[in-house]
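Sequence lines set the chain letters: A, B, ... in the order given, protein chains first and strands last, and positions in each chain run from 1.
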2 protein chains.
Amino acid sequence: MDQLTKAAFQFQTIYQEIRDRIGLLQYPPGTMLSENKLATEFGVSRTPIRRVLQRLEFEGLVVSKQGIGTLVTTVDLQYLKEVYALRLKLAQLAGELSPIRPTEQRIATLESILEKFEAMYDQYDPTELARLYNRFQAEMLPLIGNRPLREISERLYHQTARVWLQILPDLDWAEEVNIACQEVREVIGALKEKDMPAMARIRSEHMAMLLGRTSRYLGGGSAR
Amino acid sequence: MDQLTKAAFQFQTIYQEIRDRIGLLQYPPGTMLSENKLATEFGVSRTPIRRVLQRLEFEGLVVSKQGIGTLVTTVDLQYLKEVYALRLKLAQLAGELSPIRPTEQRIATLESILEKFEAMYDQYDPTELARLYNRFQAEMLPLIGNRPLREISERLYHQTARVWLQILPDLDWAEEVNIACQEVREVIGALKEKDMPAMARIRSEHMAMLLGRTSRYLGGGSAR
DNA sequence: TGCGCTCAACTTGTATACAAGTTGGATTGT
DNA sequence: ACAATCCAACTTGTATACAAGTTGAGCGCA
């Protein structure tokens with residue numbers, strides 16, 4: 001697509017890598033990210049690392065405090081609910097504001113993702129399941145025609161996606177895999193009939209259910 | 001409210017100043033912002049300036065290109081329409097997702113702003129009118145209870161607000177002042193009756209009208 | 001033992017020198 | 001006269017030294 005300069009490409013690489021580590025809980029909430037160590041790991045100086053961390057701070061995934069460090073944020077329940085309440089509505093909007101018709105190729109990709117989801121029944125691996133759902137989400141994003149809405153949806157997703165992974169070990173594995181499979185299956189069905197509003201409704205409903213499960217768990221359990 | 005560190009305060013100051021300059025067309029689209037000159041002006045080194053410019057780049061107000069410079073972006077009509085289509089819907093959402101009841105103090109402030117708007121009939125000063133509308137917008141933001149929605153609304157506003165100011169000289173001054181006054185008046189009326197959905201509807205409709213005027217002008221005229 | 005101080009070892013924030021990249025004008029050859 | 005080339009003067013991107021700030025371990029002392 002766009003021709004990225006060397007610097008921009010390097011930024012994207014490091015940014016996505018660290019963002020994924022946060023989203024997949026390789027850096028759990030509260031983890032301290034040392035600019036020096038990251039710089040050494042990626043073979044650059046602190047400067048480009050700081051640029052990445054500042055972007056992650058703008059997006060609310062980390063906070064930098066002088067003298068202390070750059071800490072991965074914790075998602076408090078109240079904010080989580082607000083984000084989900086908003087994402088619910090935005091998912092519906094995605095079906096109204098000039099949605100993009102899916103290509104055959106995209107549907108094929110989604111079906112291959114569905115197969116991988118179904119293979120997760122036998123293999124307990126929360127991180128892999130989360131990674132798969134990230135891929136599903138990434139595949140769905142381009143169907144949003146409204147550019148600012150697409151960018152916002154992506155940001156909000158990454159802000160809260162890790163919460164599900166956080167409580168996944170305490171949920172019923174088979175049931176969670178099943179719910180995910182069902183969402184992907186229903187979405188594929190709607191896309192094959194080119195029914196974008198239905199697709200939006202399905203995703204919105206699944207978000208609501210997910211918020212329900214999460215909120216029920218975080219609100220009633222021994223969570224802090 | 002929050003206790004800001006010295007560095008964070010300095011960042012906010014410089015950030016808001018440069019953002020305002022872009023929004024008020026003191027830096028028209030295409031302007032080159034030199035990090036060195038800005039650093040000299042604000043009495044700091046390039047480092048904190050770069051941090052501000054990177055944030056503005058994330059928000060789409062400028063683009064930095066190595067060897068060329070940091071340029072203020074131009075808002076193309078297509079993207080403008082997409083942003084407005086989204087802001088329309090978001091304005092409605094602001095009335096649904098846990099809106100905040102206005103305090104007496106806030107209504108008083110809005111009425112003082114209305115007076116200043118009414119004083120603009122006799123004084124042709126597009127920049128001052130835009131500054132006033134910015135204040136109005138800033139006063140309305142806290143009524144959005146949903147935090148992520150509030151942040152998004154603010155960002156989208158600053159992304160496109162300057163377009164109106166850009167074409168203001170070619171519009172009918174008295175009419176534009178009148179429309180602005182009417183919006184503020186109607187909003188105050190709705191707020192006094194604590195009718196948040198009505199407030200949301202009013203703002204949404206005014207956005208639609210503004211997009212209509214803008215789009216009619218930019219689409220049909222000799223504007224580039 | 002326990003309290004309080006100090007300071008060394010970390011952190012992020014800033015200033016600055018240098019590398020990489022672009023542009024436009026002077027200069028030189030035809 | 002004109003065209004190609006080179007290079008100086010800018011730009012942003014990176015590396016690095018230093019300033020500012022925080023923390024906790026260790027040491028002295030009551």
Side-chain angles (χ1 to χ4, degrees), chain A residues 1-19 21-22 26-74, chain B residues 1-19 21-22 26-74:
Chain A
M1 297 284 187
D2 288 346
Q3 186 163 2
L4 291 179
T5 69
K6 185 162 50 181
F9 178 76
Q10 178 190 254
F11 172 86
Q12 279 293 326
T13 303
I14 300 178
Y15 166 74
Q16 289 180 7
E17 175 61 28
I18 297 182
R19 193 187 63 178
R21 290 183 186 176
I22 295 174
Q26 293 172 24
Y27 294 149
T31 304
M32 200 197 73
L33 305 181
S34 166
E35 295 177 354
N36 276 318
K37 290 176 183 170
L38 288 174
T40 302
E41 175 186 346
F42 289 100
V44 294
S45 78
R46 278 179 59 205
T47 309
I49 297 292
R50 282 180 62 76
R51 190 174 163 184
V52 168
L53 292 182
Q54 279 160 21
R55 167 138 191 187
L56 291 171
E57 185 170 18
F58 295 152
E59 295 175 348
L61 294 184
V62 303
V63 286
S64 291
K65 294 183 180 180
Q66 182 169 4
I68 300 180
T70 301
L71 307 174
V72 177
T73 56
T74 69
Chain B
M1 297 283 187
D2 289 346
Q3 187 163 0
L4 291 178
T5 71
K6 186 160 53 181
F9 178 77
Q10 177 189 254
F11 172 85
Q12 279 293 328
T13 303
I14 300 178
Y15 166 73
Q16 288 181 7
E17 174 62 27
I18 297 181
R19 193 187 64 178
R21 290 182 186 178
I22 295 174
Q26 292 172 26
Y27 294 149
T31 304
M32 199 197 76
L33 305 182
S34 167
E35 295 177 357
N36 275 316
K37 290 177 183 171
L38 289 174
T40 303
E41 174 185 347
F42 288 99
V44 294
S45 79
R46 278 179 59 205
T47 308
I49 296 293
R50 281 179 64 75
R51 189 173 164 187
V52 168
L53 292 181
Q54 279 161 21
R55 166 136 191 189
L56 291 172
E57 184 170 17
F58 294 152
E59 296 175 347
L61 294 184
V62 303
V63 287
S64 291
K65 294 183 179 179
Q66 183 170 3
I68 299 180
T70 300
L71 307 174
V72 177
T73 57
T74 69

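The 5' end of DNA chain C is approached more closely, in terms of each residue's nearest nucleotide, by B:Ala7 than by the other of B:Arg46 and B:Ala7. Ranked by how close their nearest DNA chain C nucleotide is to the 5' end, A:Lys6 and A:Thr70 are led by A:Thr70.
Atom CG of A:Leu53 and atom C1' of C:dT11 are 13 Å apart (whole Å). Going from atom NZ of A:Lys37 over to atom P of C:dA9 covers 16 Å, rounded to whole Å. Look at CG on B:Asn36: it is 12 Å from C1' on D:dA9, rounded to the nearest Å. Computed from coordinates, the B:Ile68 CD1 to D:dT12 P distance equals 10 Å when rounded to whole Å. Straight-line distance from the CZ atom of B:Phe11 to the C1' atom of C:dT12: 15 Å, rounded to whole Å. Computed from coordinates, the A:Lys65 NZ to C:dC10 P distance equals 22 Å when rounded to whole Å. In this structure, B:Gln66 places its CD atom 12 Å from P of D:dA15, rounding to the nearest Å. Atom pair A:Gln10:CD and C:dA19:P shows a separation of 17 Å (rounding to whole Å applied).
Note on A:Leu33: only backbone sugar-phosphate atoms sit closer than 4.0 angstrom, heavy atoms only; bases stay farther off.
Taking every side-chain heavy atom of B:Ser34 into account, D:dT11 is the closest of D:dT11, C:dT12, D:dT12. Minimum atom distance to the side chain of A:Arg50 is reached by C:dT12, of the listed D:dT14, C:dA15, C:dT12. Of the candidates D:dA15, D:dG13, C:dT14, D:dG13 carries the atom nearest the B:Ser64 side chain, counting heavy atoms from C-beta on. Comparing atom distances between the B:Arg51 side chain and each of C:dT16, D:dA15, C:dG13 picks out C:dG13 as nearest.
When every heavy atom of A:Tyr27 is checked against every heavy atom of A:Val72, the shortest pair comes out as O-CG1, 3.8 Å. Here the closest non-hydrogen pair linking B:Ser64 and B:Thr70 is OG-OG1, 2.9 Å. The two residues B:Arg46 and B:Asn36 have their closest heavy-atom pair at CD-OD1, 3.5 Å.
Distances shorter than 4.0 Å separate none of the side-chain N or O atoms of B:Thr47 from OP1 or OP2 on C:dT14.
By the 4.5 Å heavy-atom criterion applied to side chains, B:Glu59 and B:Arg55 are counted as neighbours.
A salt bridge is absent between B:Lys37 and B:Glu41: the closest approach of a Lys/Arg side-chain nitrogen to an acidic carboxylate oxygen does not fall below 4.0 angstrom.
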